[in-house]
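Have a look at the structure below before the remarks.
So that the names make sense, note that chain A is the first sequence line, chain B the second, and so on, each numbered from 1.
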Amino acid sequence: MSHTSKATERARCVVHVDLDCFYVQVERKMNPELLKVPCAVVQYNKFQGGGIIALSYEAKARGVRRSMRGNDARVVCPDIRLVTVPTANEKADLTRYRNAGSSVFEVCARHSDLCERTSIDEAYLDITLQARTLLSNMDEFKRRLRLSGVMIGTESNLADSDEFEKEIFWKDSLQPENNDTQDSLLAAGSVIVAEIRAAVKDKTGYTLSAGISHNKMLSKLVSGKNKPNKQTVLSSTKVEKLLSRLPLRDLNGFGGKLGDKLIDKCSIKYVGDLKKYSLMKLAKMAIGSEIVRINSATWMSQACRGICTETVKSRIAAKSISCGKTFRGPTRLRSIDNVKEYIDKLSIELAERLQNAKQKHRQVAKLITVSYHTGSKTVKRKGQEINLTGNISKSRSCRCPATPNAVNISKAVMQVLEKELDSECIRAGVTCLYIGASKLENVRDEATGIDTLLKKVVSASTATSESDSHLYIQKPKQAAKRRTGIEQMFTRPLTPYEPNKKPNRSLQAATRVSNDGGDIQQKEETKPTIHNLFFRAKSKSTKSNSSIRIQNQLTWNQVDQTVFRELPSELQKEVMSSIRSEMPQQATRRKRFKWSQKP
DNA sequence: TACGGTCACACT
DNA sequence: TAGTGTGAC
């Protein structure tokens, strides 16, 4: 990556924070006897000692693995301490971990520009502006650097790593003196992250690890490289080499069926191997009898080059709340009464959590969804049992009751289920029940006191900007015209570009699609799922044609210059060649300008 | 009949 | 929209 001042201006400092063996930390805080001994947190303990959901580093060192049951863990580590997750309403109750996580990310949110919680124990932070500010004052930088204990410019913590890792992962080994490098931004970021981690430790007692880099994908990739309780920096200069040797499945998004397919059918071993497929080849590439979708091809094409333009949002509250339970083996539910019994229990938990969301985040749900799995459906033909459908999984929704207490939720859910669960389903047995609340919207204050009225005014004037509040505020969604592939990646409507509105412009997130009213909606990055990467047999014939056809519709005027500039030169050439046939003269001028930045 | 309980999100 | 499926932890 070039170190032009333009690149430095655009560079972001994105952090991924990850709490170390979090459930264990929570249990240890409650019971210090568990400190420094091998221990694991298990869920339910009736079947083979329960399923392990968290492990201390001492237990990992003794050979215990997450895939083991509690009993297996005792075999390899006889003195392991097993702590059982509390239960409520006959199911595992994760409230204590959820709340502990919230306390951590509230601290993070107070200390960073943007904090986006992505799971019970992980979040992304964007500290670009803070890092830039720190970088602009070298004396201050050096003072805080000394206090933070961050080692700048030395290779450390890698004594046990192999030579390749030593070259790639430097723990905060960046040179901040040269203000014009992107690395200096990360160096300043390192100091800020160390301060945030110290604040979290101080306020909550929990330790976390962090990855610091220029985008979400890269920071997540390295946040676990020096666990526990350490942070790792990934310089942009090391990205290409790192990805060239990174096993494909290790990159976020490739860990599932997609990764398997690419490895099996295309002999791709490392992330970098994907680069040998051009964007167009990725789009047309056959994997078995299936074809990669073009919009996911663009995602892959960027990912294998270390490009990820997804922005960090400001949100620490969940967008949906759900709870459920599986009923394996003999516990499967075989009567509607039995189903109701558990829906009642789940409703108690959901109602409590909704109450909490209202108090804490002023959220109210609009939609209730129930989903269930049943066993196989079979019929008898000519005296033989024939399996018709295999397991069934379905979900149905209904409006959330105005007063979402347990009784009302259960009543609404059962109304749906009684229609849905026919005698055949009941005969097959229900193996899984989930209920959830979604479409969480920001509730208006209902009290009428003068202070509340004042608050209302304040919230109306400020709460529309996500960055002004750490609460997630649901914006009215508008149906965007869906665009795919290259068109989606490079086009933008004719609206003024606001360079300072966000720390960095996002590539696909910058794809703003005009709606009827001229409103703008941000289209987020396409996530690669096996579902959206491969055409299913039934839709193959029609959909593939429309996807591939997109390249012919692209014109130079639709190309987003800021997006184009960020692409590696080979991708730029590819895009150019795909539209060259209709290039107008004006475009030629632009083209020369662009090429001049990429020698 | 044994990797559970949750989340987010893409796509149709 | 509502429903289905994937992926991650």
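Comparing the same atom, P, in B:dT1 and in C:dC9 gives a spacing of 30 Å after rounding to whole Å. Comparing the same atom, C1', in B:dC3 and in C:dG7 gives a spacing of 14 Å after rounding to whole Å. As rounded to the nearest Å, B:dC9 and C:dT1 have C1' atoms that lie 16 Å from one another.
The aromatic rings of A:Tyr23 and A:Tyr97 lie parallel to each other, their planes meeting at an angle below 30°, with 60° marking the opposite boundary.
In this structure, A:Lys227 forms no cation-pi arrangement with A:Tyr57, as its terminal cationic atom is not both closer than 6.0 Å to the ring centre and no more than 45° off the ring axis.
A:Ser102 and A:Arg117 are linked by a side-chain donor-acceptor pair at a separation below 3.5 angstrom, with hydrogens and angles left out of the test. Judged purely by distance below 3.5 Å, without hydrogens or angles, the side chains of A:Asn338 and A:Glu341 pair a donor atom with an acceptor atom.
In this structure, A:Asp20 atom CG and C:dC9 atom P are separated by 15 Å, rounded to whole Å. Spacing between atom OH of A:Tyr124 and atom C1' of C:dC9 amounts to 12 Å, rounded to whole angstrom units. Rounding to whole angstrom units, CD of residue A:Glu310 and P of C:dG7 are separated by 16 Å. As rounded to whole Å, 11 Å separates atom C1' of C:dG7 from atom CZ of A:Arg249. Atom OH in A:Tyr97 sits roughly 15 Å away from atom C1' in C:dC9 (whole-Å rounding). For the pair A:Lys366 NZ and C:dA2 P, the computed distance is 14 Å after rounding to whole Å. Here the C1' atom of nucleotide C:dA8 and the CG atom of A:Asp250 are 14 Å apart, to the nearest Å. A:Phe254 places its CZ atom 17 Å from the P atom of C:dT6, with the value rounded to the nearest Å.
A search for salt bridge (charged side-chain N to carboxylate O under 4.0 Å, His left out) contacts involving A:Lys91 returns A:Glu349, not counting sequence neighbours.
A:Gln48 comes within 4.0 angstrom of nothing in the nucleic acid, heavy atoms only.
OP1 and OP2 of C:dA2 both lie 4.0 Å or more from every side-chain N or O belonging to A:Arg396. Between A:Ser119 and C:dA8 there is no side-chain N or O to OP1 or OP2 distance below 4.0 Å.
In summary, A:Asp260 and A:Arg249 engage in a salt bridge, as defined by a charged side-chain N under 4.0 Å from a carboxylate O.
In plain terms, the two heavy atoms of A:Met217 and A:Gly306 that are nearest each other are CE-CA, 3.5 Å.
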When you check every protein heavy atom under 4.0 Å of nucleotides 1-8 of chain B, what one-letter string (B, S, -) results, 5' to 3'?
BBSBBBSS
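Comparing C:dA8, C:dT4, C:dG7 by their closest approach to the side chain of A:Asn252 singles out C:dA8.
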